[in-house]
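Heads up, the thing below is written out as structure tokens.
Computed from heavy atoms alone, side chains included, the values below leave out hydrogens, waters and symmetry copies.
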Amino acid sequence: MDDEVPVGRVMPPRSQDELLTRARALAGHPLATIAKRHAMPVPSTFRRAKGWTGTLVERALGATATSRAMPDFPHLGVELKTLPVDDRGRPRESTYVCTAPLSAADLGTWVDSWARRKLSRVLWVPIVGDEEPGARRVGAAFLWSPTAEESEILEADWDELVALLALGDLTRIDGRLGKALQVRPKAADASARTWALDESARWVRDHPRGFYLRPSFTGALLARELLLPR
DNA sequence: ACTTGATCATAC
DNA sequence: GTATGATCAAGT
């Protein structure tokens, strides 16, 4: 019944507290219920709707729509990430972070990297279950910033990966590298190409890639949150 | 079973 | 093509 109350555009939250409160109010609800409130269609599969969950939760929480190269909540400096988990709370997928630069001119330091900034403050929203999209339920969201230990791991991975990218050693970089952060293809399909610098500093065309967080890393965040909620 | 590489939709 | 949001599905 209250599922049928039409809700217009949700205003951006004014504080991290307000954001977290809103997110936690979604806990336990099936995605179909939330979709109905926001007049969004519910796909029967993710096959052609891979970003549906993320877009749905963005709307439900009042994130700025389709903003570019900005946090989901610019005023709060918070990035929103939905995280699919199984019924035991284990992540089902890796988490996309950002594009991996393939040209040395774009490579800076970890501290001023796009990856570090995006991961400096994240609202994780677990999505529980392996049923069809509409039947999956929202879990208990939480705000996260890397601990000193997590930050060290991320920085070490980033340094290792970016060193290879800076050397133009594109044939040596693949998804096997990195304890928490990895580099994998990120494109419409395998034919996509972008400009990159090879080991001889010559411009070549290669597959666009992105940084991703491994499920083992996000799983550890979830486990820690369960033990020591902040 | 898990991971890496491939892929899907949309805005600009 | 690049950026946003991710999951699919082949390979090991």
Output yes when a side-chain donor or acceptor of A/Trp52 lies under 3.5 Å from a complementary backbone atom of A/Pro41, and no otherwise.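 Yes.
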Donor-acceptor pair, distance only, cut-off 3.5 Å: does the side chain of A/Asp72 make one with the backbone of A/Ala63?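 Side chain of A/Asp72 to backbone of A/Ala63: no pair is present.
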Indicate, with a heavy-atom threshold strictly under 4.0 Å, whether A/Trp195 touches base, sugar-phosphate, or nothing.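 No contact.
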So A/Ala188, base contact, sugar-phosphate only, or nothing? Heavy-atom distance under 4.0 Å.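 Base contact - A/Ala188 has a heavy atom under 4.0 Å of at least one base atom.
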Rounding to a whole Å, what distance do you find between [X]:[atom1] and [N]:[atom2]?
{"X": "A/Asp189", "N": "B/dC8", "atom1": "CG", "atom2": "C1'", "answer": "10 Å"}
{"X": "A/Met70", "N": "C/dT4", "atom1": "CE", "atom2": "P", "answer": "11 Å"}
{"X": "A/Leu170", "N": "B/dG5", "atom1": "CG", "atom2": "C1'", "answer": "15 Å"}
{"X": "A/Leu31", "N": "C/dG5", "atom1": "CG", "atom2": "C1'", "answer": "14 Å"}
{"X": "A/Asp206", "N": "C/dT2", "atom1": "CG", "atom2": "C1'", "answer": "16 Å"}
{"X": "A/His207", "N": "B/dT4", "atom1": "NE2", "atom2": "C1'", "answer": "13 Å"}
{"X": "A/Arg209", "N": "B/dA6", "atom1": "CZ", "atom2": "C1'", "answer": "13 Å"}
{"X": "A/Met40", "N": "B/dA9", "atom1": "CE", "atom2": "C1'", "answer": "12 Å"}

Taking only side-chain N and O atoms of [X], does any of them lie within less than 4.0 angstrom of OP1 or OP2 on [N]?
{"X": "A/Arg214", "N": "B/dT4", "answer": "yes"}
{"X": "A/Gln182", "N": "B/dT3", "answer": "no"}
{"X": "A/Lys118", "N": "C/dT4", "answer": "yes"}
{"X": "A/Thr194", "N": "C/dG1", "answer": "no"}

Is a salt bridge present between A/Arg224 and A/Glu150, judged by a nitrogen-to-oxygen distance below 4.0 Å?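 Salt bridge flag = yes for A/Glu150 with A/Arg224.
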Reading nucleotides 6-12 of chain C from 5' to 3' and marking B where a protein heavy atom lies under 4.0 Å of the base, S where only the sugar-phosphate is that close, and - otherwise, the string is BBBS---
Between A/Ser15 and A/Asp17, is the side chain to side chain donor-acceptor pair (under 3.5 Å) condition met? List the steps. CA-CA 5 Å; A/Ser15 67; A/Asp17 268 359; 5.4 Å; no
Whichever of A/Leu177 and A/Ala190 has its nearest DNA chain B nucleotide further upstream toward 5':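 Going by which nucleotide is closer to the 5' end, it is A/Leu177.
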For a quick test of your reading: what N or O donor-acceptor pairs under 3.5 Å do the side chains of residues 207-220 of chain A make, sequence neighbours left out?
unit_1, atom_1, unit_2, atom_2, d
A/His207, ND1, A/Ala190, O, 3.3
A/His207, ND1, A/Arg193, NH1, 3.1
A/Arg209, NH1, A/His207, O, 2.9
A/Tyr212, OH, A/Pro185, O, 3.1
A/Arg214, NE, A/Gly178, O, 2.7
A/Arg214, NH2, A/Gly175, O, 2.7
A/Arg214, NH2, A/Arg176, O, 3.3
A/Arg214, NH2, A/Leu177, O, 3.4
A/Arg214, NH2, A/Gly178, O, 3.3
A/Thr218, OG1, A/Pro215, O, 3.2

Crowding at CZ, A/Arg205 (>12 non-hydrogen neighbours, <6.0 Å): yes
Closest nucleotide among C/dA3, C/dG5, C/dG1 to the A/Asp72 side chain: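 Nearest to the side-chain atoms of A/Asp72, counting from C-beta on, is C/dG5.
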Check: residues 76-86 of chain A side-chain donor-acceptor pairs under 3.5 Å, at least two apart:
unit_1, atom_1, unit_2, atom_2, d
A/Lys81, NZ, A/Tyr96, O, 2.9
A/Asp86, OD1, A/Arg88, N, 2.8
A/Asp86, OD1, A/Gly89, N, 3.0
A/Asp86, OD1, A/Arg90, N, 2.9

Please compare A/Ala192 and A/Val97 by the position of their nearest nucleotide in DNA chain C and report the one closer to 5'. A/Ala192
